[in-house]
Protein chains: 2
Amino acid sequence: MPTIRDVARAAGVSEATVSRAINQAPGVSARTRERVLAVARDLHFTPAPVARRLRGARTGLAGVVVPDLSASFFVEIIQGIEHTLSLNDYRVLVCDARNDRSREEAHIRWLADGTVDAILLLAPTTTDAFIAEVASQGPPVAVFGRVVSGGPVTSVTVANRQAAEQATEHLISHGRERIAFIAGTPGIPDGEARLEGYRDAMQRHGRESAIAVEVGHFSEEGGRAALRALLERRPPPDAILAANDEMAMGVLVGARELGVRVPEDIALVGFDNIRCARLVTPALTTVHQPKLDIGFRLAQSALDRLKGVAGHEQWVLPADLVVRRSCGC
Amino acid sequence: MPTIRDVARAAGVSEATVSRAINQAPGVSARTRERVLAVARDLHFTPAPVARRLRGARTGLAGVVVPDLSASFFVEIIQGIEHTLSLNDYRVLVCDARNDRSREEAHIRWLADGTVDAILLLAPTTTDAFIAEVASQGPPVAVFGRVVSGGPVTSVTVANRQAAEQATEHLISHGRERIAFIAGTPGIPDGEARLEGYRDAMQRHGRESAIAVEVGHFSEEGGRAALRALLERRPPPDAILAANDEMAMGVLVGARELGVRVPEDIALVGFDNIRCARLVTPALTTVHQPKLDIGFRLAQSALDRLKGVAGHEQWVLPADLVVRRSCGC
DNA sequence: GTGAAAGCGCTAACAA
DNA sequence: TTGTTAGCGCTTTCAC
């Protein structure tokens, strides 16, 4: 691979001149620049990012840590990130934590060590303190799904609680009496907020005694197991709100296995609006999260911070119910 | 962030000694090593990857170029890659070409420029020559979905043609007469091989005149459009084999819109076995591709080449029909 | 067993 | 406008 030296020699100028020409820096005559660029092109020269980086310049890389790459929800957010970042000539380094907190932390630490120009965290499970520490020492950090206190961290969240209330009320307004909730992994703020929204709505409508919660860990299999557990209750629920679509899919699968009809026997509402949601039968009623927008906000905030423009520090994006067939309307 | 110098000063040794201690290199007394490591730990020192890299050491990064991150098929392969690579302490840099060839080439070129230790290409659309050139100059290259000639390129493919034959024959054996094929984007070898398999099977069973092909560009929307086109033929097909599941999903959606029943009016078979396939109604009969295994092979071959072990150069993985409901059995 | 010194490829301050 | 020089953080000879 050619280095800046090769170009300099071939063009008969100094390395500094090549650098200036390449980087569109001032102080090079148009003619020299032309010539240098031509040579660089001929030699297929591209400045080595590592060397640049060592000099303190940007790497052109942003790191994204995702809890689980098999969740299509996160993939769509990543696409939003990628879209925005690539417009600014940044690449995305995706690190999959595979639902393991120590792996997540290892990724973050590694990224913070000068590998990337910005760090984007999707629904992280590590502590605020850890994130804040990284953010104050290393590159800009933007987080989705959490508001992190104690450091210069941009956060993007959606109005989970409100949306969960809305979804619960939708079910209530359609005459469902015993609405159960399948929660994600305890401790994940997104999921907790949804649970709260559900509880609030149930209480407000005098259905406190019908509150029923099972944990499904955000996975399809968890949703399936949760359905089985819920059906053993007496009386069983006549509606289910799942804290994400993966779990709702599990409910659909489980219901099919058990001969339970959706929505006749059990109305179902999910959360996220992943791509599968409109393809399954019955098509899934779910709370839409603006995934592309989430990705855009995360990326944009990182970009802003990189440019020294201190962007908004906290974004709360709306999430609205998408009514399809599984809720029985 | 502390540098090796800080550690050296604090420990009262030279930078070289610190380097040796950190890298478990020989030539340091056990006592000195202990002391240095203790200091390094106290200072939270980690060697900057960029600096290492500049010295010619590994970056610990592998680059994956994917045609379209929204296709869950590729995401599953990436997971396989990630899984294998992370076991070897490598990170994965995912570059989304968003179905644009020039973007794909830009990504590859960028990756080849010393950013990563290995390059993994999923179903690339660029030329053999370009890939071969990169492979012979830069880091190890492994490709899925193509056999690239002219350079030291490992290739992983599946038995597409055979699988397409099998799928077509399955439809034939169930009494379908006019089996149509929805092709992907012309020129993509995977898709072409499937088309050939379909043609072969149709010919072998004397259904040459019933061969009907529409292009769906591997997308859901393309599949939907292709269905509409096929239904305008006289006589219309009574079965469809789609070159991937995304297009099969499009057929399902389109059929629902048009009041066509699957599998009664039209039997449907897809290709890939993406996660959605078993969740839709009717559950999709499809050719399963061993996605995790594909990822594993790609990663392993890169790893082997990095270690100097020249691994197998060409892998052909089996692909088998998964019978569900959409084919009408 | 340890240190001094060179240099990886690049950029930025300073000179010319 | 252009070149010279120093140095980013690390590893790796080569002395001692």
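Within every chain, numbering begins at 1; the chains are lettered A, B, ... in the order of the sequence lines, protein sequences first and strands thereafter. Side chains are part of it too, since the values below use all heavy atoms of this structure and drop only hydrogens, waters and symmetry mates.
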Chemist: Taking the side chain as every heavy atom from C-beta outward, state whether P186(A) and H217(A) have any pair of such atoms under 4.5 Å apart.
Modeler: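 Yes, close enough: below the 4.5 Å cut-off.
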
Chemist: Can you check whether S29(A) has a side-chain N or O nearer than 4.0 Å to OP1 or OP2 of dT2(D)?
Modeler: yes

Chemist: The side chain of A16(A) is closest to which nucleotide in this list: dC10(C), dA12(C), dT2(C)?
Modeler: dA12(C)

Chemist: Below 3.5 Å, does any donor atom in the side chain of R20(A) face an acceptor in the base of dG3(D), or the other way round?
Modeler: yes

Chemist: To the nearest Å, give me how far apart CZ (R5(B)) and C1' (dC10(D)) are.
Modeler: 12 Å

Chemist: Figure out the CD1/P separation between I4(B) and dG7(D), and round it to whole Å.
Modeler: 18 Å

Chemist: Look at the side chain of T32(A) and decide which nucleotide, out of dA4(C), dT2(D), dT11(C), has an atom nearest to it.
Modeler: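 Comparing dA4(C), dT2(D), dT11(C) against the side chain of T32(A), the answer is dT2(D).
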
Chemist: Sort out for me which residue in R146(A), E104(A), R101(A) forms a side-chain hydrogen bond (donor to acceptor under 3.5 Å, both in side chains) with T125(A).
Modeler: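 Of R146(A), E104(A), R101(A), side-chain hydrogen bond (donor to acceptor under 3.5 Å, both in side chains) with T125(A) is met by E104(A) alone.
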
Chemist: Looking only at side-chain N and O atoms, does T17(A) come under 4.0 Å of OP1 or OP2 in dG3(D)?
Modeler: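 True: T17(A) side-chain N/O within range (under 4.0 Å) of dG3(D) OP1/OP2.
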
Chemist: Find out whether D89(B) and R91(B) are in side-chain contact, i.e. whether some heavy atom of one side chain is under 4.5 Å from a heavy atom of the other.
Modeler: yes

Chemist: Given atom CZ of R33(B) and atom P of dT2(C), what is their separation to the nearest angstrom?
Modeler: 10 Å

Chemist: To the nearest Å, give me how far apart CD (E15(A)) and P (dT11(C)) are.
Modeler: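 In whole Å, dT11(C) P lies 10 Å from E15(A) CD.
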
Chemist: Scan V13(A) against the nucleic acid and name what it touches under 4.0 Å (heavy atoms): base, sugar-phosphate only, or nothing.
Modeler: sugar-phosphate

Chemist: Rounded to whole Å, how long is the line connecting atom CD1 of I22(B) with atom P of dG9(D)?
Modeler: 15 Å

Chemist: Does the side chain of V143(B) reach to within under 4.5 Å of the side chain of P124(B), using non-hydrogen atoms?
Modeler: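 Of all side-chain heavy-atom pairs linking P124(B) with V143(B), at least one is under 4.5 Å.
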
Chemist: Could you tell me how far apart N23(B) (CG) and dG9(D) (P) are, to the nearest whole angstrom?
Modeler: 17 Å

Chemist: Using a heavy-atom cut-off of 4.0 Å across all strands, would you classify T3(A) as base, sugar-phosphate, or nothing?
Modeler: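 Sugar-phosphate only.
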
Chemist: Without decimals, in angstroms, what is the distance between R31(B) CZ and dG1(C) P?
Modeler: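 After rounding, the reported distance stands at 13 Å.
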
Chemist: With respect to the side chain of S14(A), which nucleotide from dT11(D), dG3(D), dT2(D) is positioned closest?
Modeler: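 When the side chain of S14(A) is considered, dG3(D) is the closest of dT11(D), dG3(D), dT2(D).
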
Chemist: Using a distance-only test with no angle check, is there a side-chain donor-acceptor pair under 3.5 angstrom linking R98(B) and S86(A)?
Modeler: yes

Chemist: Mind calculating the distance between CZ (R9(B)) and P (dT2(C)) to the nearest angstrom?
Modeler: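 After rounding, the reported distance stands at 20 Å.
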
Chemist: Give a yes/no answer on whether the side chain of S19(B) brings an N or O atom under 4.0 Å of OP1 or OP2 in dC10(D).
Modeler: no

